[in-house]
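Heavy-atom basis, side chains included; hydrogens, waters and symmetry copies ignored.
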Amino acid sequence: MVKIDFTDEYKQLLWQIPLFRDLDVNVKHRLMDELEFTLYKVSRKEVVLQQDTRCNHLYVLLKGELEVNIIDVAGNLVKVEEIIAPRAFATPHLFGENNILPATFTVSKDSILLMATRTSVFKLISSVPQLLHSFLCVTGNCNKCTVTRLRILSYKNLRSRFVYYLMEHRTSDGIALLEHNQVQLADYLGVTRPALSKEINKMIKEGLISVDKREVTLLNMQGLKEYI
């Protein structure tokens with residue numbers, strides 16, 4: 001990581017993240033005065049945070065992309081999600097005695113990273129109710145992602161896992177937009193790629209879904225719901 005200057009461009013990106021987006025102007029001014037942070041340029045494939053280490057900063061990805069992976073009990077590297085800037089990440093692990101990170105965050109595209117000290121973040125959250133509310137909302141959304149991951153793995157068979165994944169990623173028009181390619185999705189679901197490919201082809205033949213690259217059209221919603 002290479003330390004860089006905090007410019008007006010990066011300031012505007014900072015105000016776009018959900019954590020700070022809806023704050024009053026006066027609160028934003030106070031953040032600029034009291035938040036202790038450093039800005040870094042991070043190269044592709046560089047590890048920002050390592051699984052099983054402590055989270056000591058508030059991390060904000062201002063530009064670029066991060067890949068989030070966990071190592072499961074079998075020693076396999078499993079992709080959890082892709083983080084696209086601008087967004088804060090690892091927020092649920094910032095405070096508390098057991099602030100150990102459950103995943104590794106690796107840069108998948110050259111990025112700009114802001115790191116704010118835990119102490120300065122805590123002081124601001126403690127004294128600004130609006131910021132506290134925003135922080136709790138963001139943390140809740142992060143926990144939802146973890147619950148989704150655990151829920152998927154609770155299903156015993158591949159089809160149920162895949163259907164639940166589709167339901168979590170569907171839009172109002174009945175199309176699921178996949179965040180993973182097939183290799184990554186197989187890892188995410190805890191199955192082999194050939195097994196996943198075979199199951200998808202079966203579901204297409206049964207008229208449950210149709211697939212166009214990373215868009216999956218849910219053709220038989222009632223039939224799909226029977227598996228979850």
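- Among residues at least two apart or in separate chains, ring pair (Phe, Tyr, Trp, His ring centres under 6.0 Å) pairs with a member in residues 108-128 are F95-F122.
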List the steps and the verdict of side chain to side chain contact (heavy atoms under 4.5 Å, CB included) for K156 and S160.
-> CA-CA 8 Å; K156 301 299 182 183; S160 293; over 6 Å; no

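- Two residues are said to be in side-chain contact when any heavy atoms from C-beta on lie closer than 4.5 Å; Q51 and I70 meet this criterion.
- For T139 (side chain) and F135 (main-chain N/O), a donor-acceptor pair under 3.5 Å exists by modelled atom type.
- Taking each heavy atom of D5 and L39 in turn, the nearest pair found is O-CD2, 3.4 Å.
- Using a 4.5 Å heavy-atom threshold, the side chains of K41 and I112 count as touching.
- Dense packing is recorded around NZ of K28, with more than 12 heavy atoms of other residues, nucleotides or ligands lying under 6.0 Å away.
- Looking only at atom types and distance, the side chain of S108 has no donor-acceptor partner in the side chain of E67 under 3.5 Å away.
- The existence of a salt bridge linking R161 and E199 is excluded, since no basic side-chain nitrogen approaches an acidic carboxylate oxygen closer than 4.0 Å.
- The distance between the ring centers of F37 and F6 falls below 6.0 angstrom.
- Side-chain atoms of T217 and D212, non-hydrogen and from C-beta on, never get closer than 4.5 Å to each other.
- The aromatic rings of H169 and H180 sit perpendicular to each other, their planes meeting at more than 60°, with 30° as the lower class boundary.
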